[in-house]
Amino acid sequence: MKFVIKNYGCQMNVNTAEQIARQLTVAGHQQVTNDALADVIIFNTCCVRNTAEQKILSHIALAKQLKQKKPNLRIAVIGCLSAKRKIKGVDILLGTDDAKQVVEKLGVPTQPLPPVTSETAYIDITYGCENFCSYCIVPFVRGKLRIRPYAEISAEFDQVKDHAQHIYLLGQNVNAYPNFPQLLADLAGRDGNFTLHFLSSHPKDFDEATIKVIAAYPKIARDIHLPLQSGCDKILRLMNRKYTVAEYMAKIACLRSYIPDVHITTDIICGFPGETAADFATTVATVQKIKFNAAYIFPYSNRSGTVADKLDDQVPFQERKVRATKLVEIMRKMS
Ligand code: SAH
Ligand code: SF4
Ligand code: F3S
């Protein structure tokens, strides 16, 4: 059969989509990019913000139109959005991020795969998240934190390390891996011509021990993504982030003292419930002080079921966008 995979969301989804494609390909099926040629279209979805959700729903609607002309076309919707809600008129709706389960649901038996030989390799180290940042849907759709067994991580690493130039360790919060610094040192100390990356870190768990390992191992990338979310303590508390601006800044100072050439990126949410103009100004001042190399800036998006969705003082949608646009502009001028 011919299959199309449409992928949305984070790096963890990129990894799942690759695994599905590899499983189907070894079983003799063919990946294509043209929907009109497909026997099955697989949507690997995201629901972190409403914009993502609406975009995916509109793409699914197009696939449904195509199915009216081609009744044998199968539509499969997997991943976070299908864990969050029902979607009518599709053949498979599976709220999982487990590639094996998806492939089997398509009626294809799974098998051990030959090693990845691509330039970039992804290795999951944790699944799920139980931090429950008050705005975030991920803990609801990805489930409790699960730690991947060391033996699996280690074996997969050894399979890819001689081919891949870039190896990414993935988790919603990689610092939740028990003794993450030790894992990093263990893997970065192996031979091979790779650069080791990891995504994402949570500032509350990102510690000096991790920073020391990065500094000590030249094979670990000097790019650190450390999502700040807000530069205002009142908002950080409401977000349930469990660190203060001062604590965050101390970690940045520590990073820069051990690794002077470090490249630091972040995520910021604008217009979180209760964020006044003054709170936003505080965030702007914090961002200007820290001098990030880049920031991904999002207007706050209500996700039903989360604590933040039920807070009073919701900031008007228009104002969230105005603030986000303003911060993007400030970042642009700084760089
Ligand atoms: N586990 C990762 C990624 C979470 S999703 C982490 O904690 O860093 C990626 C980014 O999306 C988050 O860092 C946050 O900035 C943003 N995000 C998550 N939920 C959001 C929401 N409801 N509205 C707007 N942005 C959101
Ligand atoms: Fe969401 Fe927070 Fe978990 Fe990241 S750490 S996935 S923002 S709940
Ligand atoms: Fe999106 Fe799910 Fe990743 S909601 S950001 S695809 S964990």
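Remember, it's 1-based here, ligands and their atoms both numbered in the order they're listed. The residues of the chain are indexed from 1 along the displayed sequence.
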Do [X] and [Y] meet the criterion of a side-chain donor-acceptor pair at a distance under 3.5 Å?
{"X": "His225", "Y": "Ser200", "answer": "no"}
{"X": "Thr110", "Y": "Glu104", "answer": "yes"}
{"X": "His29", "Y": "Asp39", "answer": "no"}
{"X": "Ser154", "Y": "Arg190", "answer": "yes"}

Suppose I only count heavy atoms of [X] and a 4.0 Å limit; which atoms of ligand 3 are within that range?
{"X": "Asn13", "answer": "6 (S)"}
{"X": "Cys46", "answer": "1 (Fe), 4 (S), 5 (S), 6 (S)"}
{"X": "Cys80", "answer": "2 (Fe), 4 (S), 6 (S), 7 (S)"}

How about Tyr8 and His59: are their ring centroids closer than 6.0 Å?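 Yes; His59 has its ring centre under 6.0 Å from that of Tyr8.
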Do Phe198 and Phe180 have ring centres separated by under 6.0 Å?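 Ring centres of Phe180 and Phe198 closer than 6.0 Å.
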Could you tell me the residue and atom name of the protein heavy atom closest to [atom], and the distance to it rounded to 0.1 Å?
{"atom": "atom 8 (O) of ligand 1", "result": "Pro227 CG, 3.2 Å"}
{"atom": "atom 23 (N) of ligand 1", "result": "Ser301 N, 2.9 Å"}
{"atom": "atom 3 (Fe) of ligand 2", "result": "Cys129 SG, 2.3 Å"}
{"atom": "atom 13 (O) of ligand 1", "result": "Asp267 OD2, 2.6 Å"}
{"atom": "atom 3 (Fe) of ligand 3", "result": "Cys10 SG, 2.3 Å"}
{"atom": "atom 7 (S) of ligand 3", "result": "Gln172 NE2, 3.1 Å"}

Sub-4.0 Å heavy-atom approach of [X] to ligand 1:
{"X": "Gly171", "answer": "no"}
{"X": "Arg303", "answer": "yes"}
{"X": "Val138", "answer": "no"}
{"X": "Val48", "answer": "yes"}

Under a 4.0 Å N-O cut-off, is there an ion pair linking Arg332 with Glu329?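 Looking at Glu329 together with Arg332, the answer is yes, because their closest N to O distance falls below 4.0 Å.
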Got a salt bridge between Arg323 and Glu319, using NZ or NE/NH1/NH2 to carboxylate O under 4.0 Å?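 Yes, charged N to carboxylate O under 4.0 Å.
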Heavy-atom side-chain contact between Phe317 and Pro299 under 4.5 Å: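 Contact flag for Phe317/Pro299 side chains = no.
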Could you tell me whether [X] approaches ligand 2 through its side chain, its backbone, both or neither, with non-hydrogen atoms closer than 4.0 Å?
{"X": "Asn173", "answer": "neither"}
{"X": "Cys133", "answer": "both"}
{"X": "Arg241", "answer": "side chain"}

With a cut-off of 2.8 Å, does any N, O or S atom of Cys47 fall short of it relative to atom 1 (Fe) of ligand 3?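 Coordinating: no.
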Using the rule that Ile, Leu, Val, Met, Phe, Trp and Tyr join whenever any side-chain heavy atoms are under 4.5 Å apart, tell me whether Ile268 and Phe298 fall into a single cluster.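 Ile268 does not cluster with Phe298.
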Please could you name the atoms of ligand 2 that Cys136 approaches to less than 4.0 Å, counting only its heavy atoms?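 Those atoms are 1 (Fe), 6 (S), 7 (S), 8 (S).
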Atoms in ligand 2 with a heavy atom of Gln172 nearer than 4.0 Å: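 Here the atoms of ligand 2 in question are 6 (S).
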With backbone taken as N, CA, C and O and side chain as the heavy atoms from C-beta onward, which portion of Met12 lies under 4.0 Å from ligand 3: side chain, backbone, both, or neither?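 No part of Met12 comes within reach of ligand 3.
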Trace of the salt bridge (Lys or Arg N to Asp or Glu O under 4.0 Å) decision for Lys67 with Asp91: CA-CA 11 Å; Lys67 191 179 163 73; Asp91 302 273; 3.1 Å; yes
Per-residue contact class, His225 against ligand 1 - non-hydrogen pairs under 4.0 Å: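 It is neither part, as no heavy atom is under 4.0 Å.
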Are any of the N or O atoms of Gln172 closer than 3.5 Å to those of ligand 1?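 Between Gln172 and ligand 1, an N or O pair is found under 3.5 Å apart.
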Heavy atom of Glu130 under 4.0 Å from ligand 2?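 Outside the 4.0 Å threshold, so no.
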